[in-house]
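Structure, as structure tokens:
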Protein chains: 2
Amino acid sequence: MSDDEQRGGGAGSAHRAGGLLGDLQAADERPVAPRRRADAERNRAQILAAAERLFAEQDPRSVTMDRIAKAAGVGRATLYRSFADPSSVAVALLDEHERRLQGQLVHGPPPLGPGAPPDERLAAFYLAMLDLLERHLPLALGAETGPARFRTGAYGFWRVHVRTLLVDHGVEDPDPLTDIALSPLSPELFQFQRRELGLSVERVGRSLTSFARQLLRSGNAV
Amino acid sequence: MSDDEQRGGGAGSAHRAGGLLGDLQAADERPVAPRRRADAERNRAQILAAAERLFAEQDPRSVTMDRIAKAAGVGRATLYRSFADPSSVAVALLDEHERRLQGQLVHGPPPLGPGAPPDERLAAFYLAMLDLLERHLPLALGAETGPARFRTGAYGFWRVHVRTLLVDHGVEDPDPLTDIALSPLSPELFQFQRRELGLSVERVGRSLTSFARQLLRSGNAV
DNA sequence: GAATAAGTGGACACCTTGTCCACTTGGCGT
DNA sequence: ACGCCAAGTGGACAAGGTGTCCACTTATTC
């Protein structure tokens with residue numbers, strides 16, 4: 001991603017929708033795209049850096065376009081040229097961090113990558129996501145407003161991955177179950193468990209691990 | 001609830017926090033409370049009626065205090081006297097609908113009420129919640145902004161219920177698993193499954209049913 | 001080193017938010 | 001009955017956010 005918003009300009013959102021695995025380390029220069037100007041590139045970097053700071057410092061929901069622009073030292077139009085709203089900025093930022101995990105799921109060693117049985121892969125995926133959430137919770141929360149996280153390309157990726165695991169395991173009707181299996185990873189929920197309930201990451205992780213095993217019990221399709 | 005916000009006035013939120021089962025058909029007149037005036041009661045009813053209409057008509061997220069006030073034909077201060085923000089209004093509205101289910105979970109016949117094995121009760125609970133979501137999705141979505149649904153009294157109720165089922169089943173560490181078991185009921189997720197994926201309520205329901213059985217397999221603590 | 005189109009910044013008009021205060025009105029005591 | 005007075009009311013207010021627009025600046029191309 002990180003290329004998708006570059007012409008977001010006006011109103012609509014420009015999230016990656018379909019092509020997943022294709023552009024993991026995708027081409028940077030398509031023959032068609034006119035390429036960004038140097039100052040635009042610089043501004044984009046400033047925006048992302050400033051936004052990451054803002055999301056971490058204050059309530060991620062209260063980060064506004066206005067403040068991102070001011071913090072980055074650019075005008076509002078410049079910011080709107082790249083991103084439609086604050087959550088788009090958070091999505092772009094999160095995406096950078098999620099890429100690594102996405103690569104590992106597809107090409108990495110087991111149990112995260114291919115090779116291990118589905119229940120172990122699911123458990124490993126849960127733990128990796130928990131780690132991601134723990135490290136980048138403000139961004140994950142900031143990315144959750146508006147059309148919600150289900151519309152992001154990243155969610156589509158996780159969906160494809162989990163659905164594959166379910167199919168590998170021989171689940172009867174994988175589609176509804178895919179999102180059910182992903183629902184415990186909601187950033188809002190994670191924040192609630194950590195902050196309000198005071199649960200440790202490890203404790204949540206252990207629960208998710210046995211949850212994964214229970215869900216994909218070997219030799220027992222749901 | 002429907003008593004909790006009556007003096008919400010200023011800033012904080014006045015959600016029911018702890019005492020669950022206690023006030024199911026609770027006292028309406030405490031000896032202490034000075035009781036509401038007739039015009040206030042009338043206005044409150046107008047507000048709720050207007051709000052229910054607004055939430056159903058437009059994007060639940062775009063319902064503002066200003067518009068609720070105008071639609072109800074009352075001033076802004078009047079509205080703020082009862083509710084802190086639009087999602088509080090949605091919560092109050094939802095609460096009325098949720099009361100019935102809450103009563104059934106505690107006093108009703110099995111499998112919803114006591115008497116059936118935990119996995120059947122969980123499955124029945126899922127189906128009942130799905131029905132609730134299907135019928136009042138706009139309200140559920142409208143109630144989800146801000147401090148999110150985890151803070152509402154209703155969520156606390158579902159938590160207690162599900163946790164009890166998990167404990168009855170002999171689950172090892174019920175606390176983290178409670179919220180995990182509740183996470184598939186997120187209104188946002190439900191909307192995504194219905195509208196974007198085009199899944200029928202029945203299909204989601206079947207998945208949740210087998211999910212419940214898988215989670216609470218008889219004779220097999222997680 | 002000019003041409004040109006992408007990129008920029010700030011101003012604009014509009015909307016929402018909470019709060020405040022002068023006023024109205026319902027309910028209680030006599 | 002009736003008048004008191006606090007609960008209840010409505011609209012005004014300032015602060016601040018949103019998207020868009022347009023005249024200007026500047027990197028790249030020829």
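By convention in this document, chain letters (A, B, ...) are assigned in the order of the sequence lines, proteins followed by strands, and residues within each chain are numbered from 1.
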Would you say [N] has OP1 or OP2 under 4.0 Å from some side-chain N or O of [X]?
X: A/Thr78; N: C/dG9; value: yes
X: B/Asn43; N: D/dT9; value: yes
X: B/Arg76; N: C/dT19; value: no
X: B/Thr64; N: C/dC15; value: no

Quickly work out the [X] [atom1] to [N] [atom2] distance and round it to whole Å.
X: B/Phe83; N: C/dT17; atom1: CZ; atom2: P; result: 15 Å
X: B/Leu79; N: D/dA12; atom1: CG; atom2: P; result: 17 Å
X: B/Ile68; N: D/dT9; atom1: CD1; atom2: C1'; result: 18 Å
X: A/Met65; N: C/dC14; atom1: CE; atom2: P; result: 22 Å
X: B/Arg81; N: C/dT25; atom1: CZ; atom2: P; result: 16 Å
X: B/Asp66; N: D/dG11; atom1: CG; atom2: P; result: 12 Å

Requested in this report: Please tell me which of the listed nucleotides, D/dT20, D/dA7, D/dG17, lies nearest to the side chain of A/Tyr80?
Outcome: D/dT20

Requested in this report: Could you work out which one of C/dT17, D/dC21, D/dG10 sits closest to the side chain of A/Ala77?
Outcome: D/dC21

Report summary line: Ranking B/Arg67 and B/Arg42 by the position along DNA chain C of their nearest nucleotide, the one closer to 5' is B/Arg67

Got [X] and [Y] here, is their nearest side-chain heavy-atom distance under 4.5 Å?
X: A/Leu185; Y: A/Leu130; result: yes
X: A/Trp158; Y: A/Glu98; result: yes
X: A/Ser186; Y: A/Arg149; result: yes

Requested in this report: For A/Lys70 and for B/Gly75, find the nucleotide of DNA chain D with the closest heavy atom, then tell me which residue's nucleotide is more 5'.
Outcome: B/Gly75

Report task. If the plane angle is over 60° it's perpendicular, under 30° parallel, otherwise tilted; pick one for A/Phe211 and B/Phe211. Result -> perpendicular

Query raised in the report: Does the side chain of B/Asp85 come under 3.5 Å of the side chain of B/Ser88 through a donor N or O and an acceptor N or O?
Result: yes

